[in-house]
Amino acid sequence: MRMLAEFFPEFTAKLDEMDQLYEEKRMIDEKTYQFICFALSIKARSKPCVLKHFKGALDAGATVKELSYIFALVMREAAGADDCWTHDVLDNWQEIAAGNVSCECKK
């Protein structure tokens with residue numbers, strides 16, 4: 001965001017406007033909002049956001065035990081999705097091993 005703030009400040013201003021709109025129109029309580037943001041931040045691998053929403057959840061009344069549960073839930077759901085996706089990709093592993101596969105990434 002630092003580069004965007006410097007070279008495309010109009011864009012970051014719009015993000016700030018969106019954040020304000022989300023806050024004004026929020027239909028869920030603060031703790032639930034922070035839980036969702038915390039989970040998304042973990043999946044997105046955003047250290048600043050994980051820290052921000054971890055603290056935000058605590059400030060909204062969450063416990064470290066609840067946040068640990070959210071953390072575990074994200075890890076488990078990500079592992080399940082990765083497992084299913086990888087099994088789909090490798091479904092014809094015998095053909096892949098035999099070299100009968102076309103990968104669009106090769107040039």
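Note that these values count all heavy atoms, side chains included, but never hydrogens, waters or copies made by symmetry.
Contact of the Phe35 side chain with the Glu66 side chain is registered, since non-hydrogen atoms from C-beta on lie closer than 4.5 Å. Inter-residue side-chain proximity for Leu15 and Leu4 is flagged as unmet; no heavy-atom pair is nearer than 4.5 Å. With a 4.5 Å cut-off on side-chain heavy atoms, Phe71 and Leu67 do not count as touching.
Ile70 and Leu51 end up in different hydrophobic clusters when Ile, Leu, Val, Met, Phe, Trp and Tyr side chains are linked at under 4.5 Å. Following chains of ILVMFWY side-chain contacts shorter than 4.5 Å, one cannot reach Phe38 starting from Tyr69, and the two form parts of different hydrophobic clusters. When hydrophobic clusters are built by joining Ile, Leu, Val, Met, Phe, Trp and Tyr residues whose side-chain heavy atoms come closer than 4.5 Å, directly or via intermediates, Leu73 is not grouped with Phe54. Met18 and Phe11 fall within a single hydrophobic cluster, where Ile, Leu, Val, Met, Phe, Trp and Tyr side chains are chained together by heavy-atom contacts under 4.5 Å. In terms of hydrophobic clustering, with Ile, Leu, Val, Met, Phe, Trp and Tyr side chains grouped at heavy-atom distances under 4.5 Å, Val74 and Leu58 are assigned to a common cluster.
One distance of note links CD of Glu24 with CG of Leu21; it measures 6.0 Å at 0.5 Å rounding. Note that the NZ atom of Lys25 and the CD atom of Gln20 stand 11.5 Å from one another [nearest 0.5 Å]. Note that the CG atom of Asn100 and the CD atom of Gln94 stand 11.0 Å from one another [nearest 0.5 Å]. Taking NZ of Lys52 as the reference point, atom OG of Ser46 lies at 9.5 Å (rounded to 0.5 Å).
Surrounding CD of Glu23 are at most 12 heavy atoms belonging to other residues, nucleotides or ligands under 6.0 Å away. Around atom NZ of Lys31, more than 12 heavy atoms belonging to other residues, nucleotides or ligands sit under 6.0 Å away.
For the side chain to side chain contact (heavy atoms under 4.5 Å, CB included) with Trp85, the lone residue among Asp88, Val89, Asp83 that qualifies is Val89.
Scanning both residues, His53 and Ser41, for their nearest heavy atoms gives CD2-OG, 3.5 Å.
A salt bridge links Glu17 with Lys14: the closest approach of a Lys/Arg side-chain nitrogen to an acidic carboxylate oxygen falls below 4.0 angstrom.
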